[in-house]
Each structure stands twice: as C-alpha cells, then as structure tokens.
Q: 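Have a look at the structure that comes next, please.
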Protein chains: 2
Amino acid sequence: MKIDIDGIQAFVLVAELGGFHQAAEKLHISQTALSRRVQKLERYLGLKLLDRTTRSVALTSVGRDFFPRALRLVDDLSGSIARLQDMSRASSGDVVVACVPTMAYQQLPGVIRAYAARYPANRVRVLDRSGVQIVDAVRSGEAELGIGLKLARNPDLVEQTILRDPFVLYCHKDHPASRRAALSWKALAEFDLIAISGTSVNRALLDHRLQRHGIALRGRFEVEHPSTAISLVAAGVGAAVLPAATLLRGSFPDVRRVTLEHPLISRTIVQFVKRGVTLSPAAEAFHALLRRTIVSAGAGGIDGRRASRDLVVSRKRPDDRD
Amino acid sequence: MKIDIDGIQAFVLVAELGGFHQAAEKLHISQTALSRRVQKLERYLGLKLLDRTTRSVALTSVGRDFFPRALRLVDDLSGSIARLQDMSRASSGDVVVACVPTMAYQQLPGVIRAYAARYPANRVRVLDRSGVQIVDAVRSGEAELGIGLKLARNPDLVEQTILRDPFVLYCHKDHPASRRAALSWKALAEFDLIAISGTSVNRALLDHRLQRHGIALRGRFEVEHPSTAISLVAAGVGAAVLPAATLLRGSFPDVRRVTLEHPLISRTIVQFVKRGVTLSPAAEAFHALLRRTIVSAGAGGIDGRRASRDLVVSRKRPDDRD
DNA sequence: CTATTTTCATGCGTCGTGTGCATCAATCCG
DNA sequence: CGGATTGATGCACACGACGCATGAAAATAG
C-alpha cells in the first residue's frame, strides 16, 4: 500500500544515466543502496524494470513503458516541492488584501510599491470594499489581510494598529481658520462647515465621540464623499472636518490643514487577520512591511507619492464607505 | 533533497477528511504517526499547510494552494503504481511478435485467438516479415518474441522449438501417389513436380538436406509461392514438395498429403527471444501459450480454424520468405 | 459551571529498514 | 590471462518512524 518514490527516482536515474554507479553518485548514496532500492521497487511491483548483466543495464519492455511516466512523476513531484520551498524561502506567492477605499487609494499604493520592489514576483490583489465586507472577506479567507477602521471587539480576528488618523479641519488658505495652528471643536461653531452625510461610518464615529463631550457639529453644506468636500474647500465654499489622511500632502496646494483639539479625536486604522490562521509567506511579508511602513510614517500619514496621487485624481468614485 | 511522499499523502488525506483521526484510520496508522508526518513535511517545506486548533483542522492559504497539486501527484503516483502492479498480476500489456508469414497466416491466428480469449485486454501486434528482419526486430527490441525457421547458432538469442514441419508431397486425389501412405524421395523421380524457385529459403533448406543424401529434386514446373504451387496441385497439374504446414487441413479438399521419407526432412520452426532480456508479463504469457499450444498440437500442425482459413484465402501476397 | 469527550501534540522506548563496508561473481579490455 | 569495472550479497549498525501513554485545549453535555 505504500508508494516507493525513492525506488522510482532510483529507477529513473539509473535508466537515464545508464548505470548504477553514475546514478548512485548523483543521489549521493552508495551503489549498494541504489541497487537495493531498484530491487525493492521491482519486488514491490512484481516486475523487472531493468535487465542488468554484470556489465551494463538496459530497460526491459515494461521498464521502457514505465520510464516516461516515472520521469514525469518525479519531475512533477520535485517541481512542486521546489516551488513550495521557494515559496517559503523567498516569501513568494500571491497576496489578497481587503482594504477600505480611503486607505486603498491614499496610503496603500506606497506600501504596495515598496512591496513590489522588494518582492518583484509577487502579485497583490486589493479588494477595496466597505468595512463589513472587509471583515467578511478576511473571515471567509477570501483575503488574508484586512485593513480598515478599528472595530468592535472581534474575538476571531487579530488586529494591529497601523495608523491613528486624527480628524482635522481642512480649509482654504484664505479661510480665517487657516492662520491658526490648532482649533478647539467648540470654536468650529463660528464657521460654515461642510459635513459628510450621516450614512458615512466616519461621520457616525465622529458624532459618537463628540457626543461624549457634549459637542454637536452642524454642517451648512452636506456632501457624501470626502473628496467632494475637499473640492468644496478648495473652492472656498467652507471648511470641512475630515480625517487627516483624506488629503494627501501636496494634492491641493490651496487647502490648509488645521489641528482640531479638545479633545483630539482620531479614527484608528488597523490591519487584521483571522485568529488562528497562518499567513502565507507572501502575506506575512506584506503584513510586516505594512506595520513598519506606517509606524515609521507616523500619525500624519505617508507622503503622497506620484503613484498614489495619480490614483487619487483618477478615482472614479471616491467615497468613504469605511 | 529527499521527497516526502508519505507526508504529502498524509496532508492530502487530512485535508480531504478534515481531521487527523479519520485520515489516520484510512492510512492504518496511529494519529500520532500521522501528526508527525505532516509536521515533518511542514518542517521540510518551511511552511505551515494546516492550521490546527486543538479542535479542528483547516488549510492555510498555502495549503489551499498546494492541495490540488498534491492531490494530483498522489493520484498520478498511486495510479501508475497500480497499473504496473496490475500489469504484473494479470499479465496485461501489449505484445509484439515478429513472425514469418507462413506461420503468421496459418498457425498463429489460432494461438492469438486463444491468447485473446485468455487475456481480453491485451493487444497483440504481429510483424509479418522475413527471417532476417524478424531476427533484427527481436534484437532491436521492436518485437519481444520472434517466430521463424531455426537459425544458425545465434549467441544473443534464446530459441525454443515450437514446431517440426516435415516436407511432404501434396498431390491431387486423382494423382497416382495419392494412394500411397508414404513415399521415398527417390520415388519422386517418376512424377512431374512443381518446385518452389531457388530464391526461397525453404527450397534452399530442402536442397541442402537432400544433397547430403545424394538426392536432387528436379521440378518440371516452378513457381515462387507455395500457395501457387498448391493451386497448381489442386488443378491437377502435378505434385509439389512443400512443408506440411503450408496447407491447412480442409482448405483444399481435393489435395492429398503424402509423407516423404528416407530421409524424413523437416524444417524447424522456433520461437526466440533476446538473451538476457526479461519479457513483459504479456509477452511471457504469449510465449508460454505458444509453447503449450504448438507442442500439444503435434508435428502435424494445428487444425485450421475458420479465422485462419479466412486469413489464408484472403492473403494478398502469399510467399515463403521464411 | 463543572465534567466528559474529542482532538491534536509530545515524551519515550522499541523495532524496522535503509545504509555503508567488505566481498563476490561476471564481464570487458589491454 | 590478469587487472579493472560493474552489479549483487552478507553483515552489522544506526537513524527514524512507529505506537503507547499522556498532556493541553476546546466543544458538548448534564
């Protein structure tokens, strides 16, 4: 019932090299051992595969029949094995990351660029979805890594903070607030604010936090997507309270960022994986890279690289479903 | 450098059955051993293939990747092995037999019929060639078995007599010789004989043997092929000296066979194989069957069965290149 | 909420099997 | 005819795989 792959490999090598000695050398075993391997295989099969005179070796008709198949088997096998070992050694393979759109469009491209530079053979697939869908994707195994807002305690996920993204005020450089280094939330009352509509998770989070401090934001304008809000800000319509990471440095020269304090409110971006699952080497490498990259970039977010800027301006439907 | 097929099989089974216990049972080993096999494979690959909680087993992403390939490998392997074992157990496989035309058309069909009945799955290929080509075919391995005239001592072939085919006189039932049970060669002088042309190996053999007894055959008519000679005999033209096996019993009702003696001269048909080579089980079975069949049929040859008769009358170019 | 059962991992002693060394038998070559 | 090469065999040994007993963790039952 037991398959003798050593015997088959031995047979193949002897047949290929036309002798036990050469084959034994190639396998780094003694001729004795090799001889017995073939004997064992033949005994097991009940067939003679090789006709051996004391001087030379020749395939029997059965052996001739078996040889090509045996060769393919051995090759397939060692090929697959080699590929797997390589996968482990070089952290190669494919990665699927589920990510909220904001991050996917603004922070992630830089990380992916670094990852691609380091692991040129690896492919990365990004699922840009909304928060719950990301969790589902990770839970189901569709994605190995998830990136999104810090969630309610989730026992079957293991999360790790990669970014604390403070809510700030974005305003035009001519806006009165632009001269201030920081503002308190209360002070916002005097400005016309552009608000994100209540369906946004960001907005919900913000309201919830502010509520604990007895503060309620009132928007004069309301839009659905942060990028729309930014556009309005750039046009001088008003100021907008948004996560800092919404705007990549440099993309809107006329827009200024003003810190909002008392209290400092941040949304926390985390990466998470399913508890108990082992990441593929490729995903593991991505995970590590993401952690290091974001941490070193600090809470202000990564600088917008050209790649990410391009992505941002070409966005078809920028939204904040996270 | 060593491939761990047991580990792969273990992995496949655990993944298929979703647990170590079930898999261990199926492999008839303890759960302990199975557990260690998978561990060893993983250590060897440097990868985790299975995420095992103490309660259940799940594939890692790498494992999911590897599983289909592993499955195919194991299946291919055990499939090939099984086929080979079957080949040995059931003497299955293909046979190539090189055979002189006379035998191929007259004696062999019966043997093949018996062989086909006994080994329904096996295919038989007959190379009907002349004497030297048969030897070459066996030498080169193109055919495993050769059937032909006994040859000059051939050190690299092993031969075995399967038929002694005496030269006899074939004559029409109205021919004066037909009433005799036997004739001496000398007595032939008084008859008009149909001779086979000198290029025939049979004729050469015959002349050579007769020469030692100071006898020379003189033909009034000369043809090239035995079957033509038979036709002439049937037409009452004359009598012909031919190997007994040339005519299958019953195919020419009006033709009689008369034994020729003083001396009895036979050609010897042998089957031979290359020295030192191991026959495939299929060929081995054919070899054994051929020996038993012919021996039991005796020197007179096998009765013509319908199959062989049909073959004979439909022959496009009956000759005696043997 | 504890007890039981199930499931996978681990420590340990044992046995099997594959291995190498030395040697033999047969063939090739000078 | 003798040395060299090639594959097979006898023998002793050691590594490794195995099973048993046990442990840890988690699902299930009462």
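In what follows, chains carry the letters A, B, and so on, assigned in the order in which the sequence lines appear, proteins first and then strands, with residues in each chain numbered from 1. When reading the values below, keep in mind they use all heavy atoms of this one structure, side chains included, and skip hydrogens, waters and symmetry mates.
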Q: May I ask you to check whether over 12 heavy atoms, not counting those of Gln31(B), lie within 6.0 Å of atom CD?
A: yes
Q: Within this structure, what is the CD-to-P distance between Gln22(A) and dT5(D), rounded to whole angstrom?
A: 13 Å
Q: Rounded to the nearest 0.5 Å, what separates atom CZ in Arg37(B) from atom CD in Glu42(B)?
A: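 If I round to the nearest 0.5 Å, the distance is 14.5 Å.
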Q: Name every donor-acceptor pair, under 3.5 Å, that has one atom in a side chain of residues 276-288 of chain A and the other anywhere in the protein, sequence neighbours excluded.
A:
| unit_1 | atom_1 | unit_2 | atom_2 | d |
| --- | --- | --- | --- | --- |
| Thr278(A) | OG1 | Asp51(B) | OD1 | 2.4 |
| Ser280(A) | OG | Glu144(A) | OE2 | 2.9 |
| Ser280(A) | OG | Ala283(A) | N | 3.1 |
| His287(A) | NE2 | Gln160(A) | OE1 | 3.4 |

Q: Whole angstrom is fine here: how far is it from CG in Leu41(A) over to C1' in dA8(D)?
A: 17 Å
Q: Counting primed atoms plus P, OP1 and OP2 as sugar-phosphate and everything else as base, spell out the protein contacts along nucleotides 15-24 of chain D at 4.0 Å heavy-atom distance: B, S or - for each nucleotide, 5' to 3'.
A: --SSBBB---
Q: Using the ring of each side chain (for Trp, its six-membered ring), is Phe11(A) parallel, tilted or perpendicular to Phe66(A), with breaks at 30° and 60°?
A: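 Taking Phe66(A) first and then Phe11(A), their aromatic rings lie parallel (interplane angle under 30°).
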Q: Within the supplied structure, the quantity of interest is the number of heavy atoms (other residues, nucleotides, ligands) at a distance under 6.0 Å from Arg83(B) CZ; does it exceed 12?
A: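 Atom CZ in Arg83(B) is not packed in, count stays at 12 or less.
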Q: Whole angstroms only, please: what is the CG-P distance between Asp51(B) and dA26(D)?
A: 14 Å
Q: Reckon Thr53(B) touches a base, only the sugar-phosphate, or nothing at all at heavy-atom distances under 4.0 Å?
A: sugar-phosphate
Q: Earliest and latest nucleotide of DNA chain C, 5' to 3', sitting under 4.0 Å from a non-hydrogen atom of chain A?
A: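 Listing 5' to 3', DNA chain C meets chain A from dG18(C) to dC28(C).
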Q: Is Lys26(B) close to Glu16(B) at the side-chain level, that is, under 4.5 Å between some pair of heavy atoms?
A: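 They are not in contact (no side-chain heavy atoms under 4.5 Å apart), so the answer is no.
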Q: Looking at Asp136(B) and Arg129(B), is any side-chain nitrogen of the basic one under 4.0 Å from a carboxylate oxygen of the acidic one?
A: no
Q: Please determine which of Ile147(B), Asp156(B), Leu157(B), Leu145(B) meets the side chain to side chain contact (heavy atoms under 4.5 Å, CB included) test together with Phe272(B).
A: Leu157(B)
